[in-house]
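Order of appearance sets the numbers: ligands from 1, and atoms from 1 within every ligand. Numbering starts at 1 and runs along the sequence shown.
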Amino acid sequence: MPETHVVVLAAGKGTRMKSGLPKVLHRSAGLPLIEHVLRTASSLDPASIVVIIGHQAEAVRAALDGRQGVSCAVQEPQLGTGHALLQAEPSLMGAKGTVVLLSGDVPLLRPQTLVDLVRTHNERRAAATVLTAVVAPPDGYGRIVRQDGRIAAIVEHKDASPAELAITEINSGIYAFDLAPLFGALRQIGSSNAQGEYYLPDLVTIYRARGLPVETVTLANAGEILGVNSRRELADVSAILKMTKNEALMAAGVTLVDPAATYIGPDVEVGADTVIHPGVHLEGRTRVGARCEIYPNVRIVDCVIDDGVIINSFCHMTSSHVRSGAQVGPFVHLRPQSDVGVDAHVGNFVELKKTTLGKGSKANHLSYLGDATIGEKVNVGAGTITCNYDGRQKHRTIIEDGAFIGSASQLIAPVRVGKDAYIAAGSSITEDVPAESLAIGRGKQTNKVGWVARKRAAATKD
Ligand code: UD1
Ligand code: CA
């Protein structure tokens, strides 16, 4: 098998997006468009991937920084797709085998389609193999012109005659090329056409004139080559990616009450018999276990949710762990590095940050728990606040197993509350509380009996 290299075109301006952001960095189903393309490319296990960048090159380069096996080549100015591919020549110097050309704005392509394209290309020892599709209407696409059944040329929409415009077989813009004749031939492409650009599809005519074999592979499902040129198309592609993921989850035993209104990223895993209500967004590397229920309007990013967890409405959770049997929400904010223990309850209007809540512990109402380690079977009363920040540094609060924190208490960190200790409601706790003690940290109440009558009497005297 010849070596495979991939080149991704991503230098174009994307004018119709009307955006300050490069087109290939717009997100669909949570991932930048180019990321979808690179993932598909990696299914070929290529020896190298070269991304052609140009418009806002530095932003695209930064987004690709650190990706294994991916390099960038700059096309400046952008003179057309033929000129764009030529920019990969230095990166592929000395390489042999097959180059697969992809577009950074075509995110739905299936890995199997690329595998089939490359297999046909290699089997037939073609100089070029064009991935085509039959679409109606074919507006905007390059048309496949055939002679005696074989591809003879690709004519761009803007250059096509009325007869050519009627052709419904189109160029997907995805190809496999034999590296040996490629760069020499690219230099022969001219720019005398309607757009004054160096058209990559002109390679077909050049190869045919030289008697080099050009093949085609025709897609069964033209939907795969849907490109993103506008916000409208971005939404269309996102809807397809969403339904693909949702259908896979439903097939695996997950209930989606309203799949059209459920947003689950491509890398998210969900266990069987979990029920997900509308308006739920599961993002990043989130893993949800089996038999969970996630009620409407919840956003979970990069979290691990174990089995049998209930998440009530209006929760926002990032980079946290919720253990089995726990109940969360409504209105809970789990900030990064929070850990809600087995069977723990985190209730209404509670925020956790870098906080561990032990097994069976409860923080049910209106609390801020930051930089805290809370043991098992702790009861955190309504309105408890860990005062973790002194204006310069963060400090930890430690609450040991079985402690009871009375409502409206402030724990001024660093501070430790010992095992089974009690904090009286309304306390400001500034010192450690020994195990099994009661701490009362508030001003003593004095009742002035008869004070109102005395005040009234004083007023009438004047
Ligand atoms: C191209 C094809 C057309 C095909 C269609 C499929 C050409 C001339 N036409 O048309 O036959 O039906 O794709 O979608 O190739 N790009 C660069 N540098 C440039 C120009 C473009 O990197 O100088 C990149 C763009 O960012 C984009 C891709 O190449 O990712 C395709 O360019 P685009 O201008 O969208 O080509 P189409 O007109 O769609
Ligand atoms: Ca395009």
Atoms of ligand 1 close to Ala84 [distance to a heavy atom under 4.0 angstrom, numbered from 1] = 17 (C), 18 (N), 22 (O)
Mind checking the OG1-CG spacing from Thr4 to Asp45? Nearest 0.5 Å is all I need.
-> 8.5 Å
Please check if atom OH in Tyr368 has more than 12 non-hydrogen atoms from other residues, nucleotides or ligands closer than 6.0 Å.
-> yes
Answer whether the closest heavy-atom distance between the side chains of Leu25 and Gln56 falls below 4.5 Å.
-> no
For Gly308, does its backbone N or O pair with a side-chain atom of Ser324 as donor and acceptor, under 3.5 Å?
-> no
For atom 17 (C) of ligand 1, which candidate among His55, Glu76, Gln75 provides the closest heavy atom?
-> Gln75
May I ask you to check if ligand 1 and Leu9 share an N or O to N or O distance below 3.5 Å?
-> yes
If you measure from atom 14 (O) of ligand 1 to every heavy atom of Gly14, Ser103, Ser172, which option wins on shortest distance?
-> Ser172
Run the numbers for me: atoms of ligand 1, each under 4.0 Å from some heavy atom of Glu156, listed by number.
-> 2 (C), 3 (C), 7 (C), 8 (C), 9 (N), 10 (O), 11 (O)
Verdict with reasoning, Leu179 to Thr98, per side-chain contact (heavy atoms from CB on, under 4.5 Å) = CA-CA 6 Å; Leu179 263 166; Thr98 304; over 6 Å; no
Pull out every atom of ligand 1 sitting under 4.0 Å from any heavy atom of Gly142, numbered as shown with elements.
-> 3 (C), 4 (C), 11 (O), 12 (O)
Could you see which bit of Ala11 sits under 4.0 Å from ligand 1, with heavy atoms only: side chain, backbone, both or neither?
-> both
So, is Asn171 polar-close to ligand 1, with some N/O to N/O distance under 3.5 Å?
-> yes
Ligand 1 atoms nearer than 4.0 angstrom to some heavy atom of Asp105 are 30 (O)
Between Arg146 and Glu169, is there a side-chain N and carboxylate O pair less than 4.0 Å apart?
-> yes
Decide, yes or no, whether a salt bridge links Arg291 with Asp273 under the criterion of side-chain N to carboxylate O below 4.0 Å.
-> no
To atom 25 (C) of ligand 1, the nearest of Pro201, Ala10, Gly140, Gly12 on a heavy-atom basis is Gly12
Using a strict 4.0 Å cut-off to heavy atoms of Thr81, name the atoms of ligand 1 that fall inside it.
-> 7 (C), 8 (C), 15 (O), 20 (C), 21 (C), 29 (O), 31 (C), 32 (O)
Should Gly80 be counted as touching ligand 1, given the test is an N or O pair under 3.5 Å?
-> yes
Taking Gln87 for its side chain and His83 for its backbone only, find out whether a donor-acceptor pair lies under 3.5 Å.
-> yes
Here the atoms of ligand 1 under 4.0 Å from any heavy atom belonging to Leu79 are 23 (O)
Go through Glu197 and Lys158 one step at a time and tell me if the salt bridge (Lys or Arg N to Asp or Glu O under 4.0 Å) criterion holds.
-> CA-CA 12 Å; Glu197 288 182 6; Lys158 288 180 180 156; over 6 Å; no
